[in-house]
Amino acid sequence: PSGLSEVACDANKSVAVRAGIKPVRAASDGPPRVTAERDKARVLEGLETVSAAAEERRESALRSALRGLRELLAQPALRGLVALDLAAALATAAVTVVTVHLVRAELDGSERMMTAALVAAGAGSVAGALLVPRLLERSWAKRAIMLAGGGLAALALLAAALGPGFGALLALWFTLGLGGALATTPAGALLRALAPPGRKLALYASRFALANAAAMLAYPAAGWLASGQGSTAALLVLAVVALAAVAAAARLWPAEAPRA
């Protein structure tokens, strides 16, 4: 069989030569060591290119974020929105952090009572989110809705600092959720209306970052105040700061500013 294979191979070569086809030899880039060094250099060059491109993308993203932040703070309505986001973050921190200490430690309540308080705040948020489109349809200005919501949430915090019973606390927590939703739900429409052409996503990202920064400040502060000074002191401080934030929003976002 091996003899037949050699004969067949010679026959194939003979046919290829007669047809004018030259035998193809395996390509070689040189000695194995040189080839390995060349491949290594190519890999390192590719890694450097990828690293440079990633660094350029990071710098571009940072420039875009800073530009979005400048554009956000350049408009009176959006500066007011930042202040209202702080008021809403304080209200949310009161519900999320202070409720446990308030119900369990000061009202000597049960798990069900604590859950009921959280549900009341959530129901208020849902009611506020559903109410905003109806108010806008009735030609309410976004500024009026959002400032009213922020003020409502701040006043609810102040009333809660007076030491209400459990029934009153449920009503106040519903009001707190309602006010927070009214203060923040129109924000998306406000950003869409005021964003420069092609800059909508940058403004959304900047506002999202600032709102989360406010929450990162509000939550630990609420927990530290509640655990160290008690719920009453915590709610009082949160209420004062929230009222100041709403007042700042009203000043930063004047009524004569262009309507969104």
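- Taking all atoms of both residues into account, the shortest heavy-atom contact from Ser125 to Ala181 is O-CB, 3.3 Å.
- Here CG of Leu169 is found 7.0 Å from OG1 of Thr99. Values are rounded to the nearest 0.5 Å.
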(Q) For Met146 and Leu81: C-alpha separation, side-chain torsions, deciding distance, then whether side chain to side chain contact (heavy atoms under 4.5 Å, CB included) applies. (A) CA-CA 8 Å; Met146 297 172 75; Leu81 173 61; 3.4 Å; yes
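- Cluster annotation: Leu178 and Leu90 are assigned to distinct hydrophobic clusters (Ile/Leu/Val/Met/Phe/Trp/Tyr, side-chain heavy-atom contacts under 4.5 Å, transitive).
- Grouping the Ile, Leu, Val, Met, Phe, Trp and Tyr side chains by contacts below 4.5 angstrom, directly or via other members, places Val246 apart from Val237.
- Distance check, rounded to the nearest 0.5 Å: NZ of Lys142 to CH2 of Trp253 gives 8.0 Å.
- A pairwise comparison of heavy atoms in Ala160 and Trp173 identifies CB-CZ3, 3.5 Å as the closest pair.
- Note on Met114 and Val119: separate hydrophobic clusters, where clusters join Ile, Leu, Val, Met, Phe, Trp and Tyr whose side-chain heavy atoms are under 4.5 Å apart, directly or indirectly.
- Looking at Arg104 and Glu111, their side chains come closer than 4.5 Å, going by heavy atoms from C-beta outward.
- Contact record, Ser110 with Val103: O-CG1, 4.1 Å, taken as the closest heavy-atom pair.
- Across every non-hydrogen atom of Pro133 and Leu130, the tightest pair is CD-O, 3.4 Å.
- Put simply, the side chain of Glu106 gets close to the backbone of Ser231: a donor and an acceptor are under 3.5 Å apart.
- Of the possible polar contacts, none joining the Thr96 side chain to the Ala93 backbone as a donor-acceptor pair under 3.5 Å is found.
- Between Val132 and Pro186 there is a side-chain heavy-atom pair separated by less than 4.5 Å.
- A donor-acceptor pair under 3.5 Å is formed between the side chain of Tyr204 and the backbone N or O of Gly188.
- Linking ILVMFWY side-chain heavy atoms closer than 4.5 Å, directly or via other members, places Val95 and Leu107 in a single hydrophobic cluster.
- How far CD1 of Ile145 is from CG of Leu84: 12.0 Å, rounded to the nearest 0.5 Å.
- Smallest separation of non-hydrogen atoms from Ala94 and Leu235: CB-CD2, 4.0 Å.
- Checking each of Leu158, Val241, Leu162 against Leu236 for a side chain to side chain contact (heavy atoms under 4.5 Å, CB included) leaves exactly one that passes, namely Leu158.
- Applying the 6.0 Å contact sphere to CZ of Phe208 captures no more than 12 heavy atoms from other residues, nucleotides or ligands.
- The main-chain N or O of Ala234 is never found under 3.5 Å from a side-chain atom of Gln229 such that the two would form a donor-acceptor pair.
- Here the closest non-hydrogen pair linking Ala183 and Gly150 is CB-N, 3.6 Å.
- Judged by distance alone, with hydrogens and angles left aside, the side-chain atoms of Arg143 form a donor-acceptor pair with the main-chain N or O of Ala250 at under 3.5 Å.
- Atom CZ of residue Arg207 and atom CG of residue Leu78 lie 10.0 Å apart, to the nearest 0.5 angstrom.
- Rounding to the nearest 0.5 Å places CG of Leu225 at 6.5 Å from CG of Leu238.
- The hydrophobic cluster containing Val98 also contains Leu172, counting ILVMFWY residues as joined when their side-chain heavy atoms lie under 4.5 angstrom apart, directly or transitively.
- Distance check, rounded to the nearest 0.5 Å: OG1 of Thr232 to NE2 of His101 gives 9.5 Å.
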